[in-house]
There are 2 protein chains.
Amino acid sequence: METQYKEKTFFTSKDLALSVIGGRWKIAIIWCLLQQSPLRLSEIQKYLPDVNQRMLIRQLRELEEDKIITRYVYPVVPPKVEYELGEIGLLLEPVVTSICDWGDNFREYLEKDVNKNQLNKI
Amino acid sequence: METQYKEKTFFTSKDLALSVIGGRWKIAIIWCLLQQSPLRLSEIQKYLPDVNQRMLIRQLRELEEDKIITRYVYPVVPPKVEYELGEIGLLLEPVVTSICDWGDNFREYLEKDVNKNQLNKI
DNA sequence: CGGTATCCAGGATGATACTG
DNA sequence: CAGTATCATCCTGGATACCG
């Protein structure tokens, strides 16, 4: 999902939000930066081993473009770059928290379901 | 994004949640069903005119598979099908709400930004 | 270290037409 | 109405090579 709000004029709040945070790995990236901040690219990669580097960088760039995160480049050798949530990015904490909470509920729900099925087999 | 939790063994809560609700239009669909329920396919399409029918149906099927929504088929002519959030799907309300709230914040943030840029031009 | 460039493959998404 | 089938396109992922 690409950033689109610059080209469109009308958006509901959910459409606007989803156009920014709906990308494949964006919530995961924001989750990382809520755990620890700032983070270097290599550190984000440790948090998210399933994301390949190219995709990770793409999503980071898009988040940067939308001012969700800030990218700090230190002019040193070897290069050092740090990522950090910006003002509006930090406000995503309730979104990430509610998603994680629901994930917990869903896990319990799945386990209840497993138990039910096992009972049915008796 | 496809449902994956059936094949994988280890998941953080966020990964589990995202594997279920991370699909391109799933949050939007859930948003619809929180506005009004039950809904027929054609009604969801009115809520979400940007989603093509094939994709909408796919995402509905995946959500059904994961027990987030329930699909009721009435054996009438012409066909009548209704969609409704299930027990665990209803618990997604805080997720959708927090996303909408953030969207509002982001919109304000963008407008502040526009004003700043206009001031800079003076 | 933190990228970019390229190629290739597969899956996700979209547009359109068609059907029971 | 609620889909399915088909075809085209875009997004994503993996591997690799290379650079400042």
Side-chain angles (χ1 to χ4, degrees), chain A residues 1-5 7-8 15 18-30 32-33 36-66 69-84, chain B residues 1-8 15 18-29 32-33 36-66 69-84:
Chain A
M1 188 179 310
E2 304 276 329
T3 302
Q4 301 168 323
Y5 62 84
E7 293 131 39
K8 295 207 182 180
D15 290 332
L18 290 176
S19 77
V20 174
I21 61 169
R24 181 74 180 80
W25 299 106
K26 289 183 183 175
I27 290 289
I29 291 171
I30 291 157
C32 292
L33 291 169
Q36 190 185 331
S37 187
L39 281 176
R40 302 180 65 163
L41 178 65
S42 51
E43 294 172 319
I44 300 179
Q45 286 181 304
K46 280 174 205 161
Y47 272 112
L48 306 176
D50 290 344
V51 191
N52 72 49
Q53 194 184 34
R54 202 171 55 103
M55 218 44 224
L56 181 57
I57 290 170
R58 271 199 202 178
Q59 304 267 301
L60 284 166
R61 290 287 184 282
E62 290 183 13
L63 287 171
E64 186 191 356
E65 182 106 359
D66 292 335
I69 64 176
T70 312
R71 180 166 166 268
Y72 298 100
V73 183
Y74 297 87
V76 294
V77 179
K80 179 175 177 178
V81 176
E82 287 185 335
Y83 295 91
E84 188 171 280
Chain B
M1 190 179 309
E2 303 276 330
T3 302
Q4 301 169 322
Y5 62 84
K6 283 154 191 160
E7 294 130 40
K8 295 208 180 178
D15 291 331
L18 290 176
S19 77
V20 175
I21 61 168
R24 181 73 180 78
W25 300 105
K26 289 184 182 174
I27 290 289
I29 292 170
C32 292
L33 290 169
Q36 188 185 331
S37 185
L39 280 175
R40 303 180 65 164
L41 178 65
S42 52
E43 294 172 319
I44 300 179
Q45 286 180 303
K46 279 174 204 159
Y47 272 112
L48 306 176
D50 290 343
V51 191
N52 73 52
Q53 196 182 30
R54 198 177 62 101
M55 219 44 228
L56 182 55
I57 290 171
R58 267 207 198 180
Q59 303 266 301
L60 284 167
R61 290 286 185 282
E62 290 183 12
L63 287 171
E64 186 190 359
E65 182 107 359
D66 292 335
I69 64 177
T70 311
R71 179 166 167 267
Y72 298 100
V73 182
Y74 298 87
V76 294
V77 178
K80 178 174 176 180
V81 176
E82 286 185 336
Y83 295 91
E84 187 171 281

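We name chains A, B, ... by the order of the sequence lines, and we start the count at 1 in each one. Please read these numbers as outputs of a predicted model, since none were measured by experiment.
For B/L39 and D/dG3, the CG to C1' distance is 17 Å, given to the nearest whole Å. Spacing between atom NZ of A/K26 and atom P of D/dT12 amounts to 9 Å, rounded to whole angstrom units. For the pair B/L60 CG and D/dG3 P, the computed distance is 8 Å after rounding to whole Å. Residue A/K80 contributes atom NZ, which lies 13 Å from atom P of C/dG3 at whole-angstrom precision. Atom C1' of nucleotide D/dT12 and atom CD1 of A/I57 are separated by 15 Å, given to the nearest angstrom. One can place CD of A/Q59 at 14 Å from P of C/dT4, the figure rounded to the nearest angstrom. Note: CD (A/E64) to P (C/dG2) measures 14 Å, nearest angstrom. Summarising the geometry, the separation between CG on B/L56 and C1' on D/dA2 is reported as 11 Å, rounded to the nearest angstrom.
Residues meeting the side-chain contact (heavy atoms from CB on, under 4.5 Å) test with B/T70, sequence neighbours left out: B/Y72. A/V73 meets the side-chain contact (heavy atoms from CB on, under 4.5 Å) test with A/R71, A/V81; sequence neighbours excluded. Every side-chain contact (heavy atoms from CB on, under 4.5 Å) that A/P38 has, sequence neighbours left out, goes to A/E82, A/E84.
Residues B/I44 and B/L60 form a side-chain contact, since some pair of their non-hydrogen atoms from C-beta on lies under 4.5 Å apart. The closest side-chain heavy-atom distance from B/Q45 to B/Q53 is below 4.5 Å. Two residues are said to be in side-chain contact when any heavy atoms from C-beta on lie closer than 4.5 Å; B/L48 and B/W25 fail this criterion.
Here the CD atom belonging to B/E64 is positioned 11.5 Å from the CD1 atom belonging to B/I57, to the nearest 0.5 angstrom. Once rounded to the nearest 0.5 Å, the distance linking CZ of B/R54 with CZ of B/R58 reads 4.5 Å. Going from atom CD1 of A/I21 over to atom CD of A/E62 covers 13.5 Å, rounded to the nearest 0.5 Å.
Contact record, B/Q59 with B/K26: OE1-CG, 3.2 Å, taken as the closest heavy-atom pair.
Side-chain nitrogen and oxygen atoms of A/R71 include at least one within less than 4.0 Å of the OP1 or OP2 phosphate oxygen of C/dG3. Within the structure, a side-chain polar atom (N or O) of A/W25 is placed less than 4.0 Å from OP1 or OP2 of D/dG13. For C/dT4, the OP1/OP2 oxygens have a side-chain nitrogen or oxygen of A/R61 closer than 4.0 Å. Residue B/Y83 places at least one side-chain N or O under 4.0 Å from the OP1 or OP2 atom of D/dG3.
Counting only N and O atoms by type, the side chains of B/Q36 and B/Y47 include a donor and acceptor under 3.5 Å apart.
The rotation axes computed at either terminus of the helix from C/dC1-D/dG20 to C/dG20-D/dC1 lie 50° apart, taking five pairs at each end and rounding to 10 degrees.
Although no hydrogens or angles enter the test, the distance criterion places a donor-acceptor pair under 3.5 Å between the side chain of A/E43 and the main chain of A/R40.
Nearest to the side chain of B/M55, among C/dT4, C/dA12, D/dT12, sits C/dA12.
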Counting primed atoms, P, OP1 and OP2 as sugar-phosphate and everything else as base, the B/S/- map of nucleotides 15-20 of chain C against protein heavy atoms under 4.0 Å is B----B
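Within a heavy-atom distance below 4.0 Å of DNA chain D, no residue of residues 40-49 of chain A is found.
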